[in-house]
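A note on names: the letters A, B, ... follow the listed sequences, proteins ahead of strands, and every chain is numbered from 1.
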Protein chains: 2
Amino acid sequence: MNEQDARKHFIKYTRSSGLRVTPERLEVLDCVLAWEGHFEADSLFLHLKTHGSKVSRATVYNTLSLLHKCGIVSRYRFSEGYSQYERTAGRPHHDHMICTQCGKIIEFENRRVVRLQDVLCTAQKFKPTYHSFQIFGVCQTCRGEKD
Amino acid sequence: MNEQDARKHFIKYTRSSGLRVTPERLEVLDCVLAWEGHFEADSLFLHLKTHGSKVSRATVYNTLSLLHKCGIVSRYRFSEGYSQYERTAGRPHHDHMICTQCGKIIEFENRRVVRLQDVLCTAQKFKPTYHSFQIFGVCQTCRGEKD
DNA sequence: CTCGGTGCAAATGCTTTGCAATGTC
DNA sequence: GACATTGCAAAGCATTTGCACCGAG
């Protein structure tokens, strides 16, 4: 799903849910689609604010939740206290390694994870919707190793 | 690690960290070790309170954090807003499937998960400390299926 | 026109903290 | 005895909500 598709998908999803497509929601959507990497709700809000947008914090949270529901962003809870988001549209599925020293996030593709998930869920007669696989540890840089 | 070992380990860890072994901390520890399954900090606090303990909420949170640091309890964030804990001592490592309809938690052993983690981390030159693998979906009962 | 959306600020709910009294080491 | 810990209530923090005005459909 590219940026254009994501926009169309969002509009379609919103309308078909009996919700309204407002300029504020589109502002948030565009900001999300342009954002590389992970971000927090408040960073997005501040970015919009410092770029002249009048969108309120409440609307940012509301819209992120909507974007999450329609699959355009993923939501994570790597650390205590706050959520991190990332655009899903136009990117392959993946999971994360989080360095507990510097906070760096390494992404890894999850074909094998999905395969394992399928095996595990079949065994438990559980119908999976999505998963969250996070590996915490120390990255190469923080260990100060050459290789 | 059984219950006795856990107690010893906790006392040793606490002392060697320059912290003090207080009756309140031991009360929380004992309650945790006796608790089957997952629990929230506040449930533990209320349980202690209704059983005559004078331990405060602050101490419960403080001690759970300490128990987490020394590896006696695991801490999860399955849903928004609050943490869930479970005793680690004396139990095999495992991961979780969470039913998004009824909240039921299914545990599954994670030998394969650990193996996969090792392969992935080697590829990224990342030194894993621990992982969190959660599968969200719908359980058999909620799907209303016989098998 | 009708409702859902918006901004604002106040509220929420879990968790942490400040402080004076207490008790461990 | 020194100083970490305790209980209490108040503060913090990310997120949500109530309400009066606004505007999409």
Checking only heavy atoms, does the side chain of A:Arg20 share a donor-acceptor pair with the base of C:dG5 at less than 3.5 Å?
no
Identified side chain to side chain donor-acceptor pair (under 3.5 Å) partner of B:His38 from the options B:Gln84, B:Arg87, B:His96:
B:His96
I need the [atom1]-[atom2] distance between [X] and [N], as an integer number of Å.
X	N	atom1	atom2	result
A:His68	D:dT16	NE2	P	11 Å
B:Leu66	D:dA4	CG	P	15 Å
A:Ile11	C:dG5	CD1	P	15 Å
A:Leu19	D:dG23	CG	C1'	15 Å
A:Glu40	D:dC13	CD	P	13 Å
A:Phe39	D:dA14	CZ	P	16 Å
A:Leu46	D:dA14	CG	P	11 Å
A:Arg75	D:dA14	CZ	P	14 Å

Output yes when at least one side-chain N/O atom of A:Thr22 is less than 4.0 Å from OP1 or OP2 of C:dG4, else no.
no
The residue, B:Arg77 or B:Glu24, whose nearest nucleotide of DNA chain C is more 5′ is B:Arg77
B:Ser83 has a side chain; which of D:dG25, C:dT6, C:dT15 sits nearest to it?
C:dT15
Among the candidates C:dG5, D:dA14, D:dA24, find the nucleotide nearest to the side-chain atoms of A:Tyr82.
D:dA14
Mind checking whether A:Phe133 and B:His131 have parallel, tilted or perpendicular rings, split at 30° and 60°?
perpendicular
Would you tell me whether [X] and [Y] have side-chain atoms, one donor and one acceptor, within less than 3.5 Å of each other?
X	Y	answer
B:Ser53	B:Glu27	yes
A:Ser74	A:Glu86	no
B:His94	B:Glu109	no

Heavy-atom closest contact (A:Cys70 atom, A:His9 atom, distance):
O-NE2, 2.9 Å
Counting only heavy atoms not in B:Arg91, do more than 12 sit closer than 6.0 Å to its CZ atom?
yes
Of all of residues 52-63 of chain A, which get a heavy atom below 4.0 angstrom from DNA chain C, listed by number?
A:Lys54, A:Val55, A:Ser56, A:Ala58, A:Thr59, A:Asn62
